[in-house]
Amino acid sequence: MTAVVYVPRDSSAVSLGADAVAEAIRSEVASRRLDLKIVRNGSRGMFSHEPMVEVASGAGRIAYGPVAAGDVASLFDSNFLDGREHRLRLGVAEEIPWLRSQTRLTFARMGVIDPVSLDDFVTHGGYRGLTRAIELGADAIVAEVTQSGLRGRGGAGFPTGIKWKAALDAPAMPKYVVCNADEGDSGTFSDRMIMEGDPFVLIEGMTIAALAVGATQGYIYLRSEYPHARRALSQAIATAYSNGYLGANVVGTGKSFELEIRLGAGAYICGEETAMLESIEGRRGMVRFKPPIPALEGLFGKPTVINNVVSFATVPIIIERGAEFFRDYGAGNSRGTIPFQLAGNAKRPGLIETSMGVTLREIVHDYGDGTASGKPFRAVQVGGPLGAYFPESMLDVALDFESVAARGGILGHGGIVVFDETVDMARMARYAMEFCAIESCGKCTPCRIGSIRGAELIDDIVNRRRPRENLEVLRDLCDTMKFGSLCALGGLTPLPVLSALKYFPGDFGLTPRDVDFIGADLTLSPPGAGSSHAIAER
Ligand SMILES: Cc1cc2nc3c(=O)[nH]c(=O)nc-3n(C[C@H](O)[C@H](O)[C@H](O)COP(=O)(O)O)c2cc1C
Ligand code: SF4
């Protein structure tokens, strides 16, 4: 019988040497004259074990990792094709506690299938959601998505069903479905993993959205920094076309849905949905005023459903299993599961899909297993570059939209970046302002000018140039950016700045009393009630 060995093709595994491992396996197979098939699967998301090689066996897939090309000969010598003992043997892949404890709904096939094999996708439950969607029809699909409680996974957490309903009810034609695959947040990679490891699920989700709202054309706005994702997606789209899952007559329904990829040129602001539309239309990525909302007047002025990759990729299982199935997971108004992406100075970084409401401590300490450096943990940034920094004392916050917001943070796209004790939080706060200055689209003053002044003010405070007065100005500036910016880039930049000030004032040469104007939820108390008062007292 032909032995089957899985070597991930995900770019995280490739960057750690997976291609060389596959090549070494090929050459051992040739010299030992073995009968073996190598499948290039996606990654299971346990990056500390990558490249993780798996061997099919009667007892499940036996994993070995992290495997270097130099380990391959010894794996064959140890009869790893029979699942035998070796110092890199991890056991049955799905039984590894790090994986087994997760709830993989959106990522159910991740690392399991050959990403570009339609047969593999269908054998593992793919296109069941679309089949049911065709039976349901437009109104019932939208109702199902609404009842599931799914909220956008791109950052804003807007209810997906409401957006779809607005587009469904919009009379103008044609309608569009646009997938936001710009994934600009620091430390995030869930979109990339889906596009590289299970691209058909994204195509399926977008096709269901198209049937739901009556759209005939779809675009995936993909960041150019994701060449592996582009390759896998392009191959999957071509296969979907040639098998009747895309094109003029989707699965014999008589409905047409065309799908194309559009490449971004590397601007963070092009992830903001209206700037993304500008970019797809061929202009510079500048934020549009809302209203009109894109669901009514979006791409080329027509009704447009815009969702994140994870949001679309979660729709098939919702439609297949029903709204209640998905709703059963989660906490409060944050329903379902979400893929957290643990990065930075974590010992065991990777993709963790769990029910919403898991605590930050569980992600950072239980899954992350401390810092990669071995030095004490100091801070964690949740929700990308515009997210708040939390210290150890805040780790019991539940990771759902409401609980994180109540502490002044955002869940964003689920990125969680860990820092050890060597981090200088004043530099991180300055970097937040600098990032905003670099990435600002320039349309509004609080963001365009405020971010530059903000970086200067932090420099002045740290360098002891009239620190208290400049802290007052910084406080006003944060207020102005928060309330006066047109979009969340300028509006949320105060979050990392204020949280760094609140929880780590010593790094700025300040005392906790200096920053007592920042509330526990990172709101600012009215002037005079906080620091101004405290400063006047001194
Ligand atoms: C500055 C900025 C950058 C953003 N970047 C992304 C991004 O890279 N990917 C994404 O899906 N959403 C991003 N968003 C959120 C989008 O504007 C939009 O809310 C989202 O694509 C809608 O999809 P969802 O409802 O499925 O989350 C960004 C928003 C802002 C303000
Ligand atoms: S907040 Fe910044 S990025 Fe957003 S519209 Fe204003 S200038 Fe552009």
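This is a predicted model, so every value here is computed, not measured. Indexing begins at 1, ligand by ligand and atom by atom, following the structure's order.
- Remark: the backbone N or O of Phe107 is paired with a side-chain donor or acceptor of Glu353 at under 3.5 angstrom.
- The closest approach between Glu439 and ligand 1 stays at or above 4.0 Å for every heavy atom of the residue.
- Of all the listed residues (Ser311, Cys270, Gly184), Ser311 holds the heavy atom that lies closest to atom 26 (O) of ligand 1.
- In this structure, the side chain of Glu272 does not engage the main chain of Ile269 through any donor-acceptor pair within 3.5 Å.
- Side chain of Ser403 to main chain of Asp400: no donor-acceptor pair is present (N/O by atom type, distance under 3.5 Å, no hydrogens or angles).
- The count of protein N, O or S atoms under 2.8 Å from atom 4 (Fe) of ligand 2 stands at 1, with waters excluded from the count.
- Once rounded to the nearest 0.5 Å, the distance linking CD1 of Ile306 with OG of Ser311 reads 11.5 Å.
- Considering backbone and side-chain atoms alike, Asp182 places every N or O at 3.5 Å or more from each N or O of ligand 1.
- Remark: minimum distance from atom 29 (C) of ligand 1 to any protein heavy atom is reached at Glu272 CA, 3.7 Å.
- Judged purely by atom type and a 3.5 angstrom limit, Gln341 uses its side chain to pair as donor or acceptor with the backbone of His413.
- At a heavy-atom cutoff of 4.0 Å, ligand 1 is contacted by no atom of Met276, backbone or side chain.
- Ring centers of Tyr367 and Phe340: at least 6.0 Å apart, outside the cut-off.
- The shortest N/O to N/O separation between Asn308 and ligand 1 falls below 3.5 Å.
- Below 4.0 Å from some heavy atom of Arg153 lie the following atoms of ligand 1, by number and element: 26 (O), 27 (O).
- In this structure, Tyr389 has its ring center at least 6.0 angstrom away from the ring center of Phe504.
- Checked by distance only, ligand 1 and Asp191 stay at 3.5 Å or farther apart across all their nitrogen or oxygen atoms.
- Taking the six-membered ring for Trp and thresholds of 30 and 60 degrees, Phe390 and Tyr503 have ring planes inclined between 30 and 60 degrees apart.
- The aromatic rings of Phe435 and Tyr431 are tilted relative to each other, their planes meeting at an angle between 30° and 60°.
- The nearest protein atom to atom 21 (O) of ligand 1, hydrogens excluded, is given as Asn180 ND2, 2.9 Å; this is a heavy-atom distance.
- Pairs passing the ring pair (Phe, Tyr, Trp, His ring centres under 6.0 Å) check and including a residue from residues 180-206, sequence neighbours excluded, read Phe47-Phe189, Phe121-Phe200.
- Looking only at protein heavy atoms, the nearest one to atom 17 (O) of ligand 1 is Glu273 N, 2.9 Å.
- Looking at Ile269 against ligand 1, only its side chain comes within 4.0 Å, counting heavy atoms.
- Glu260 places no side-chain N or O within 3.5 Å of a backbone atom of Tyr219 that could act as its donor or acceptor partner.
- The closest heavy-atom contact to atom 16 (C) of ligand 1, among the options Gly154, Gly271, Gly152, comes from Gly271.
- Only the backbone of Glu183 comes within 4.0 Å of ligand 1, judged by heavy-atom distances.
- Looking at Phe312, Phe158, Tyr221, Tyr268, it is Tyr268 that brings a heavy atom closest to atom 1 (C) of ligand 1.
- For atom 22 (C) of ligand 1, the nearest non-hydrogen atom of the protein is Lys163 NZ, 3.5 Å.
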